Amino acid sequence: MFASRLAGPLTAGFFVKQPKASCVEGDLEALLVRMRQRRYPETIPVLASYWLRTVYASGYGRRHWKKLNRLLKRALGEHLPDAPSRQAIVDIQAWIQQSALLTRRPSRRPSPRSERICATLSSDLLRPYINRLLNEWLPVEAARFPIGGGIPALAIGRALEALVVRERLSPRALEMLLQPELFSPHDVYPADAEILQDVVLSLLGRTWAPPQSVMPAALLCVAPDSKLPANYGEAVRHASLAAQPEGEELHVPIAPDEALEIGKDDPVRIGSVIVTMDGRWWEAVSHQDGEPYSVVYRPVGHLRIDYSEGHVRLRVPGPETRLSWSGSIPLPDTFEIFGREWHLSQWEQDAERTWLDLMFSRILPMTEMVPAGDARWWRLRPASVDLAWSALENALTSSFVQGSSEPIERLRHPDLIPLGRAISGLAASLMSGRLRPQEAIETQLRSIHFLEAQVSSKYGRVPWRILPAKARASFSRFRPSPQLLELLNQVFDSLPERLCAATSAVPRPNISFRARDHRRKRPDLHIWSGTAVPESVRRKN
């Protein structure tokens, strides 16, 4: 699957430059560093695929591919961290020898995208947006790709790329998706976060990744007879990483009275397991009964979601280890980790510990982060909404090409048909070749706003992109009034920066009585900057 992925069209990156010879070493070093830092080796094929697409899009020439091929051969002779890394290097070499070195066609460099027409995300919506992207929309999108048992990492990469590209995020918004503080193991699966980073870096045209973060941590489970406080999950969020001679430790701060309560038992009972953003699970081993008061954890292993048997499963360690159990087993019914709720399916015990087999129950609701009544909730829309707007966009385009409203009437989303008719009327007015009075455009926008209100709870505002390009460009031919600007911002999402300006600060131009009289009598006068201007002057400007 990796080889077929490389054989497809390689287009990635927004702002790329022709590489110098020295960039080849830097690009390869970036790949090797990211391979060594990989938390989940099964995602290395995704890393290699998107890294190769990035260097291809940067404008590699024949001499660059030859040099990269030599460096890859040298890298294979050195120590690589694992078998997936070696196989990825071999696959990249095979693609270079079979494709890049057998054709003299230069690499295709994509045209830069304008940030003005791309969507942005407010900082307080980034975390819930990422959670919905990885937990709700990703499984639905990944199901669109033909795969065998389970969900291969490359299929997840393709699905994430489709979702992010469909969102038309600006480079600035893509940059924001790389911030490590937006991710928590309570909310997202670390392997999915790794793949998202690969996709975003490729879209930005970068080979180097930002530093990885182990923190934050999230509480997985606590033993029933543990003396840890009831609000211990909140304390885990403030855990700190400490380097010790015997290895890494996590210290979770607790209050002095809580430490005193823990120390009353002999032996001390602090059985609990926490998970960090690198996917590792940590076991409580001791507590510090003195400044600073804390519970100490050490890493034991990694947690991995299993998609292989038709049911999403997760095997986790029990909060405490006993040689034998008697009576009922006081284990929790549900667990919350990786943005999902899990229920206990069965448990078993080996020579070292008790293991719990969990089965997926549901996605954790995002209303806990952004209330459903919040006016911005629609911005965190599912992928089906993007597909519906894309269908309307295609119907509008076909309608103008055919000169018929039939494509709009045949929409598979009947609730969007009335809105589509109104948008088509506005676009036709804007594309007629003759500017209409702003009052007439305002009337059409109010009609769209009325129809939009009936479906906004499901679809949100109309994306600016679905208007035909000619209709969007017509707004550059005159300066909208404050009333028109306000209506545009109420109706459309992701407007160009020029049309997103605050309307209250825009003064309404004065129009002389003579200009008004001329405007009534002369058909060749048009509204431009709020003033009547003759046709000849309008053409000149």
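Residue numbers count from 1 along this sequence. Quick caveat, the model's predicted, so the values are computed rather than measured.
Salt-bridge formation is detected for the pair Arg461/Asp493: a Lys NZ or Arg NE/NH1/NH2 atom is positioned less than 4.0 Å from an Asp or Glu carboxylate oxygen. With respect to the salt-bridge test (charged N to carboxylate O, under 4.0 angstrom), the residues Asp27 and Lys67 do not qualify. A salt bridge links Glu234 to Arg237: at least one charged side-chain nitrogen sits closer than 4.0 Å to a carboxylate oxygen.
Under the 4.5 Å side-chain criterion, counting only non-hydrogen atoms from C-beta, Ile156 is in contact with Leu138. Looking at Val33 and Trp208, their side chains come closer than 4.5 Å, going by heavy atoms from C-beta outward. Two residues are said to be in side-chain contact when any heavy atoms from C-beta on lie closer than 4.5 Å; Met35 and Ile89 meet this criterion.
Annotation for Leu72 and Gln93: closest pair CB-CG, 3.7 Å, computed over non-hydrogen atoms. Heavy-atom minimum distance, Ala239 versus Ala217: CB-CB, 4.5 Å.
In this pair, Tyr189 and Phe338 present their aromatic rings tilted. The plane angle is within the 30 to 60° band. Between Trp342 and Phe360, the two ring planes are perpendicular [angle over 60°; tilted spans 30° to 60°].
Distance check: Asp187 CG to Leu134 CG gives 10.0 Å after rounding to the nearest 0.5 Å. Annotation: the span from Leu47 atom CG to Asp198 atom CG amounts to 5.0 Å, rounded to 0.5 Å.
Judged by distance alone, the side chains of Asp357 and Ser345 never bring a donor and an acceptor atom under 3.5 Å apart. In this model, a donor atom of one side chain and an acceptor atom of the other lie less than 3.5 Å apart for Thr276 and Trp282.
Qualifying side chain to side chain contact (heavy atoms under 4.5 Å, CB included) partners for Ser213, counting only residues two or more places apart in sequence or in other chains: Pro180, Met215.
With hydrogens and angles ignored, the 3.5 Å screen pairs a side-chain donor or acceptor of His64 with a backbone N or O of Gly61.
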